[in-house]
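Read through the structure below, which is laid out as structure tokens, and then see the notes.
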Amino acid sequence: MSTPSTPTPIDDDPLGRERAHLSSSRAALRAMREDVESLDISDVTANWVNAQILGRQIEDRIRALADLSDTPLFFGRLDYLHAPGAERAEGERPRPEAADQKLYIGRRHVHDGNGDPMVIDWRAPVSQPFYRASKKDPMDVGLRRRFGYTGGDLTAYEDEHLSDPEEGARTSRLLQQEIERPRVGPMRDIVATIQPEQDEIVRSGLGGTVCVQGGPGTGKTAVGLHRVAYLLYAHRERLARTGTLVIGPNRSFLHYIEQVLPALGELSVRQATVDDLVAHVEVRGADDADAAVVKGDARMAEVVRRAVYAHVTMPTEPVVVVRGSRRWRVPAYELEEMVRELLDRDIRYGAAREALPQRIAHAVLVQMERSGEAPDDRVQDAVARNSAVKAAVKAVWPPVDPAKLVLRLLTDAEFLAEHAAGVLTEEEQKTIRWAKPVRSVKSARWSAADAVLIDEATDVVERTPSLGHVVLDEAQDLSPMQYRAVGRRCTTGSATVLGDLAQGTTPWATRGWAEALAHLGKPDAVIEELTAGFRVPTDVITYASRLLPHIAPGLTPVASVRENPGFFELRPVSDPAEVVAACEELLRHEGSTGLIAADTRIPVLAEALAAAGIPALSPGEETTHDTRLTLVPASLAKGLEYDYVVLDDPRAIVTAEPDERTGLRRLYVTLTRAVSGLTVTHTSPLPDQLGV
């Protein structure tokens with residue numbers, strides 16, 4: 001580790017020079033922002049609409065150029081042996097480090113007044129060796145320098161001489177410090193700590209879908225978010241047209257991750273839950289587990305499709321079009337041929353319904369031409385709008401309201417039986433039928449699974465618009481029908497699927513990624529596995545991994561690579577006051593603390609915390625230096641992390657779930673939320689699967 005107290009003959013104040021470059025870079029970024037702010041668009045826009053659009057683009061650019069005072073502008077430096085991209089003759093020895101080959105790697109590109117780069121965007125190809133270069137393959141890099149910061153101040157640096165055979169490989173201390181830095185507030189980016197195996201996933205191309213199986217603390221969420229940032233850099237124009245979307249399991253999770261992409265200068269990525277995507281109706285009800293499992297089964301797609309197309313009936317009467325003094329007749333058999341052809345094409349119900357009047361009109365035009373007339377396209381459009389044609393289409397191919405269709409399936413036993421025959425058993429049909437009749441769509445108490453069925457029906461009627469790229473996090477908890485709903489949003493685009501089979505806590509949790517990707521419509525996706533743990537301490541992940549043989553026997557346990565072992569403690573307690581005392585102990589440390597408990601225990605613990613005068617946040621609320629404790633129901637813990645965790649009564653977490661395996665998976669999730677230390681308090685015996 002090089003420091004200012006160990007000067008070299010070449011540079012007697014390296015840290016001072018790096019600080020000066022940081023100041024100059026910040027000034028250059030400020031100048032870039034001021035240049036954009038000073039733009040006058042009054043004479044370059046043709047109308048107010050263009051002015052509004054251009055004005056918003058300028059505002060977004062100004063926001064993207066913001067200099068966050070507590071976020072390092074650059075975090076590393078590469079000293080290339082040759083100019084990047086330059087060829088070296090065979091046998092040529094590397095040149096000594098040269099000033100013009102030094103590249104500073106940061107969160108965004110910064111250039112000076114002459115356009116020369118002062119900071120290189122971490123996503124640029126020339127930055128890749130910062131993450132992948134090694135002694136074995138230095139990638140033409142002589143020196144890799146990492147910087148340490150306190151707040152926004154550059155306080156340390158660390159050098160790795162990749163071309164020096166006498167310097168052995170070692171673990172970066174600054175890298176470890178950055179990984180283990182206390183976490184207060186929302187999730188932060190990991191651009192300074194991306195590992196080679198993570199970088200390969202981040203930089204994978206836009207054309208293919210990637211599924212990342214990663215245990216707790218392997219950084220899969222961060223990898224997914226940084227892949228979005230990379231794709232926006234590498235394919236900005238294309239994704240600006242087609243759009244990007246990040247899908248998370250709940251609002252608390254989305255709030256937790258919402259600052260990562262803006263910190264990287266990316267402001268256009270939409271975030272949503274699956275429930276947001278399928279919000280065709282107001283969800284006011286809930287299914288029991290058995291009904292939710294059947295409604296979420298992929299077989300329901302066939303039931304819905306049958307029910308939609310059941311509205312099509314074969315014509316029995318001809319269509320007679322009157323134009324002036326002439327009458328043109330299209331016989332029933334010819335109409336039937338048109339209908340059957342459209343059905344055989346397997347296009348959307350609504351698209352076929354729109355095509356049918358044009359087919360009928362074309363048949364009329366053929367008759368007109370045979371009689372010596374010369375009709376044009378305007379005549380065909382007029383015939384398609386003829387009242388007789390519209391009446392025939394309405395009778396043969398009537399409009400379908402998706403919500404009304406699903407309502408009928410759930411309330412009309414005969415209608416459901418007709419279209420579920422050979423697909424669902426009688427018992428399964430009975431399971432999903434509503435017990436009471438419902439008067440209208442608005443008065444129905446729709447469940448989340450019902451909304452997904454309506455989305456399926458909507459797509460059968462009219463194609464769902466596709467985005468360019470979708471990130472799906474905590475995917476292991478989705479039902480097959482939910483996968484289909486997400487897949488509809490990226491049929492012509494790609495996806496990044498993130499999850500951990502061991503953390504599936506829904507009754508319909510994913511059993512295997514190949515099956516899930518087939519439901520998503522991406523069967524050819526590449527499946528990657530991350531097994532190196534950067535977040536959870538060794539003792540904690542080792543203890544939690546005792547559950548893996550019982551919940552996901554085929555998965556490789558996460559191996560923590562952290563040097564700081566953290567701490568882990570099992571503590572028997574007799575009342576909530578002792579749980580509060582454990583929280584008070586952890587709050588003496590720097591960073592955030594989470595108190596995680598079974599949902600039914602939350603009111604009791606909230607009362608105990610209030611009695612002790614300890615303020616507590618709810619999941620998703622941002623921690624501050626004054627309020628660092630969050631009270632977390634076990635059902636909302638997934639995806640969140642805290643420096644220190646008190647986990648209350650593991651057995652209560654297990655028994656709160658409908659079956660033991662789901663309960664053990666929920667426990668696995670809650671055991672792995674700690675970054676630095678975990679205290680497990682328990683009044684009842686620990687689950688047998690955790691061992692002694």
Side-chain angles (χ1 to χ4, degrees), residues 171 175-176 178-181 183 187 190 193-202 210-226 249 253 257 473-477 496-505 509-513 527-570 594 596 634 637-645 647 650 653 661 664-678 680 687 689-691:
T171 303
L175 181 63
Q176 284 290 333
E178 176 62 20
I179 291 173
E180 298 170 7
R181 182 159 57 94
R183 294 149 193 261
M187 181 181 179
I190 62 165
T193 62
I194 294 174
Q195 299 301 293
E197 64 273 19
Q198 295 174 326
D199 190 62
E200 288 185 18
I201 298 171
V202 167
V210 178
C211 176
V212 182
Q213 159 63 42
T218 55
K220 57 184 177 296
T221 296
V223 166
L225 294 174
H226 287 68
F253 178 84
I257 68 171
D473 206 351
E474 300 296 347
Q476 73 280 344
D477 278 336
T496 302
V497 180
L498 312 167
D500 179 12
L501 297 178
Q503 296 186 58
T505 52
T510 301
R511 292 171 293 188
W513 290 122
I527 301 175
E528 303 282 359
E529 186 172 9
L530 297 176
T531 58
F534 304 98
R535 176 173 57 78
V536 186
T538 301
D539 290 349
V540 174
I541 196 62
T542 300
Y543 184 73
S545 294
R546 296 182 182 185
L547 297 174
L548 284 180
H550 307 282
I551 61 177
L555 290 186
T556 303
V558 172
S560 178
V561 297
R562 295 180 50 163
E563 291 187 345
N564 181 356
F567 74 84
F568 170 68
E569 178 189 8
L570 297 174
I596 305 176
K638 192 170 298 179
L640 305 179
E641 60 182 31
Y642 303 92
D643 287 293
Y644 300 92
V645 168
L647 179 62
I653 292 173
R661 188 175 188 184
L664 291 174
R665 286 183 169 185
R666 182 78 69 189
L667 178 58
Y668 181 73
V669 171
T670 57
L671 280 169
T672 54
R673 300 303 97 198
V675 175
S676 297
L678 171 66
V680 178
Q689 292 83 354
L690 287 174

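Hydrogens, waters and symmetry mates play no part in the numbers below; they use all other heavy atoms, side chains included.
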Check whether any side-chain heavy atom of [X] sits under 4.5 Å from a side-chain heavy atom of [Y], and report yes or no.
{"X": "Q213", "Y": "L555", "result": "yes"}
{"X": "L671", "Y": "L547", "result": "yes"}
{"X": "V540", "Y": "V645", "result": "no"}
{"X": "T542", "Y": "F568", "result": "no"}
{"X": "L548", "Y": "Y668", "result": "yes"}
{"X": "D500", "Y": "T218", "result": "no"}

May I ask you to decide if [Y]'s main-chain N or O and [X]'s side chain share a donor-acceptor pair within less than 3.5 Å?
{"X": "K638", "Y": "E474", "result": "no"}
{"X": "R673", "Y": "L678", "result": "no"}
{"X": "R535", "Y": "V675", "result": "no"}
{"X": "R666", "Y": "I653", "result": "no"}
{"X": "S560", "Y": "V536", "result": "yes"}
{"X": "Q503", "Y": "Q476", "result": "no"}
{"X": "Q195", "Y": "T193", "result": "yes"}

Which heavy-atom pair separates [X] from [Y] by the least distance, and what is that distance?
{"X": "G214", "Y": "K220", "answer": "O-NZ, 2.9 Å"}
{"X": "T496", "Y": "G224", "answer": "CG2-CA, 4.2 Å"}
{"X": "T505", "Y": "D477", "answer": "N-OD1, 2.7 Å"}

| request: Establish, from distance only, whether the side-chain atoms of E200 and Q198 form a donor-acceptor pair under 3.5 Å. | output: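 Side-chain D/A pair, E200 to Q198: absent.
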Pairwise distance [atom1]([X]) to [atom2]([Y]) - rounded to 0.5 angstrom:
{"X": "L690", "Y": "L667", "atom1": "CG", "atom2": "CG", "result": "5.5 Å"}
{"X": "L640", "Y": "T670", "atom1": "CG", "atom2": "OG1", "result": "12.0 Å"}
{"X": "T221", "Y": "F253", "atom1": "OG1", "atom2": "CZ", "result": "4.0 Å"}

